[in-house]
**Student:** 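One structure, as structure tokens, below. Some questions next.
We count ligands from 1, going down the list as the structure has it; atoms in each ligand are counted the same way.
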Amino acid sequence: MNVEQIYKDANALLEGHFKLSSGNYSKFYLQSAKVLEDPKTAKLLADALAEQIRKSGIKVDAVCSPALGGLIAGFALATALDVRFIFAERAEGEMTIRRGFEVKEGETYIICEDIITTGGSALEAAREVEKAGGIVVAYAALANRGFCSRVGSDIERKDNCKLPLDKPLFALEDFAFQMYTPDECDFKEIAYKPGSRGN
Ligand SMILES: O=P(O)(O)OC[C@H]1O[C@H](OP(=O)(O)OP(=O)(O)O)[C@H](O)[C@@H]1O
Ligand SMILES: O=C(O)c1cc(=O)[nH]c(=O)[nH]1
């Protein structure tokens with residue numbers, strides 16, 4: 001499966017000056033919502049991710065995604081794995097599990113994102129699941145922006161990866177886009193933040 005081509009075909013591999021969720025900057029942005037607006041593509045991607053997870057022998061009781069970007073990917077993955085789906089969301093900046101979702105003591109979870117850059121949002125969701133008594137066994141994403149190592153790829157973990165070392169990350173492809181810290185960034189124009197939180 002050529003995930004890069006799928007993003008290109010959906011006009012979802014954007015070029016410009018972007019501010020990322022982590023506060024870093026990039027000239028590229030993967031706009032997963034444009035890919036996932038086609039339910040058939042969402043199913044194709046989620047089925048491939050579920051297949052990787054199944055092959056690893058990992059079984060979970062549920063999938064949890066951080067809102068907003070991870071929701072469609074997480075729901076599609078939960079459908080493919082035939083397990084429950086819940087989400088965590090930011091309320092006044094803090095990631096929380098709300099809406100009456102129950103995490104049972106000892107229940108196992110996979111945290112699913114659309115895109116993993118630093119893994120910061122995924123980690124915040126994982127902490128909420130664990131605070132409520134769940135056990136996070138793995139992370140998953142449609143694409144990995146190349147800072148975290150993942151199952152099936154020899155890409156090396158970089159210092160800015162926030163995911164725990166002892167939990168596997170499953171993803172369909174690595175995108176090794178350059179990322180700039182605020183100190184390194186020399187964008188002359190205002191960078192645009194495409195996610196739900198704005199600049
Ligand atoms: O691995 P990270 O460094 O945490 O970055 C990846 C996150 O960034 C995006 O969300 P973003 O916050 O930009 O938008 P959203 O609020 O619409 O999900 C994306 O959907 C991931 O959740
Ligand atoms: O790091 C991010 O915020 C990010 C990068 C990307 O390519 N796509 C996305 O949705 N978020």
**Student:** Hey, are Asp174 and Ser153 close enough side-chain-wise for a donor-acceptor pair under 3.5 Å?
**Tutor:** yes

**Student:** Looking only at distance, does Ser21 have an N or O less than 3.5 Å from an N or O of ligand 2?
**Tutor:**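 It does: an N or O of Ser21 is found under 3.5 Å from an N or O of ligand 2.
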
**Student:** Thinking salt bridges, do Arg84 and Asp61 make one under a 4.0 Å N-O criterion?
**Tutor:** no

**Student:** List every atom of ligand 2 that sits less than 4.0 Å from any heavy atom of Leu30, numbering the atoms from 1 in the order shown and giving each element.
**Tutor:**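 Taking each heavy atom of Leu30 in turn, ligand 2 has 6 (C), 7 (O), 8 (N), 9 (C), 10 (O) under 4.0 Å.
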
**Student:** Number the atoms of ligand 2 from 1 as they appear, then name those within less than 4.0 Å of a heavy atom of Thr117, with their elements.
**Tutor:**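 In order of number, 1 (O), 2 (C), 4 (C), 5 (C).
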
**Student:** May I have all residue pairs that pass disulfide bond (SG atoms under 2.5 Å apart) and include part of residues 93-176, sequence neighbours excluded?
**Tutor:**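 The answer is Cys148-Cys161.
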
**Student:** Test Tyr109 against Glu107 for side-chain hydrogen bond (donor to acceptor under 3.5 Å, both in side chains), laying out the working first.
**Tutor:** CA-CA 7 Å; Tyr109 280 81; Glu107 242 178 3; 2.8 Å; yes

**Student:** With a cut-off of 4.0 Å, which atoms of ligand 1 are near a heavy atom of Ile115?
**Tutor:**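 Those of ligand 1 that fall under 4.0 Å from Ile115 are 6 (C), 21 (C).
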
**Student:** Which bit of Ile115 gets closer than 4.0 Å to ligand 2, counting heavy atoms only: side chain, backbone, both or neither?
**Tutor:**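 Near ligand 2, Ile115 shows its side chain, while the N, CA, C and O stay back.
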
**Student:** Within the structure, is a non-hydrogen atom of Gly119 found at a distance of less than 4.0 Å from ligand 1?
**Tutor:** yes

**Student:** Walk me through whether Phe177 and Leu13 qualify under side-chain contact (heavy atoms from CB on, under 4.5 Å).
**Tutor:** CA-CA 11 Å; Phe177 298 135; Leu13 205 174; 4.0 Å; yes

**Student:** Taking NZ, NE, NH1 and NH2 as the nitrogens, is one of them in Arg90 or Glu94 under 4.0 Å from a carboxylate oxygen of the other?
**Tutor:**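 Glu94 and Arg90: not salt-bridged.
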
**Student:** Under 3.5 Å between some N or O of ligand 1 and some N or O of Ala122?
**Tutor:**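 No, no N or O pair falls under 3.5 Å.
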
**Student:** Which ligand 1 atoms does Glu113 reach within 4.0 Å, using its non-hydrogen atoms?
**Tutor:**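 Atoms satisfying the 4.0 Å criterion: 7 (C), 20 (O), 21 (C), 22 (O).
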
**Student:** Quick one: which residue pairs count as a disulfide bond (SG atoms under 2.5 Å apart) with a foot in residues 24-102, not counting sequence neighbours?
**Tutor:**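 Disulfide bond (SG atoms under 2.5 Å apart) check on residues 24-102 returns no pairs.
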
**Student:** Relative to the heavy atoms of Thr118, which atoms of ligand 1 are at a distance of less than 4.0 Å?
**Tutor:** 1 (O), 2 (P), 3 (O), 4 (O)

**Student:** Do Asn24 and Ser22 have side-chain N/O donor and acceptor atoms under 3.5 Å apart?
**Tutor:** yes

**Student:** Out of Ser32, Ser121, Ser21, who is nearest to atom 4 (O) of ligand 1 when you count heavy atoms only?
**Tutor:** Ser121

**Student:** Is Thr117 touching ligand 1 with its side chain, its backbone, both, or neither, if touching means heavy atoms under 4.0 Å apart?
**Tutor:**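 Within the 4.0 Å criterion, Thr117 contacts ligand 1 through backbone and side-chain atoms alike.
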
**Student:** Consider every N or O of Tyr29 and every N or O of ligand 2, then say whether any pair is closer than 3.5 Å.
**Tutor:**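 Looking only at distances, the answer is yes, because the N/O contact criterion of under 3.5 Å is met.
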
**Student:** What atoms of ligand 1 come within less than 4.0 Å of a heavy atom belonging to Asp114?
**Tutor:**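 So the answer, numbered in order with elements, is 19 (C), 20 (O), 21 (C).
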
**Student:** For Ser22, counting its heavy atoms only, list the atoms of ligand 1 lying under 4.0 Å from any of them.
**Tutor:** 3 (O)

**Student:** Heavy-atom contacts with Gly120 under 4.0 Å: which atoms of ligand 1 show up? List them by number with element.
**Tutor:**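 Matching atoms, with element in brackets: 1 (O), 2 (P), 4 (O).
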
**Student:** Thinking salt bridges, do Glu124 and Arg127 make one under a 4.0 Å N-O criterion?
**Tutor:**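 No.
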
**Student:** Are any of the N/O atoms in Gly69 less than 3.5 Å from those in ligand 1?
**Tutor:** yes

**Student:** If you count the non-hydrogen atoms of other residues, nucleotides and ligands that lie under 6.0 Å from CG in Asp82, is the total more than 12?
**Tutor:**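 Open: at most 12 neighbouring heavy atoms sit under 6.0 Å from CG of Asp82.
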
**Student:** Does the distance from a Lys or Arg side-chain N to an Asp or Glu carboxylate O, for Glu130 and Lys167, drop under 4.0 Å?
**Tutor:**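 Judged by the 4.0 Å cut-off on N to carboxylate O distance, Glu130 and Lys167 do form a salt bridge.
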
**Student:** Below 3.5 angstrom, do we get any N/O pair linking Leu68 and ligand 1?
**Tutor:** yes

**Student:** Any atom of ligand 2 sitting under 4.0 Å from a heavy atom of Gln31?
**Tutor:** no

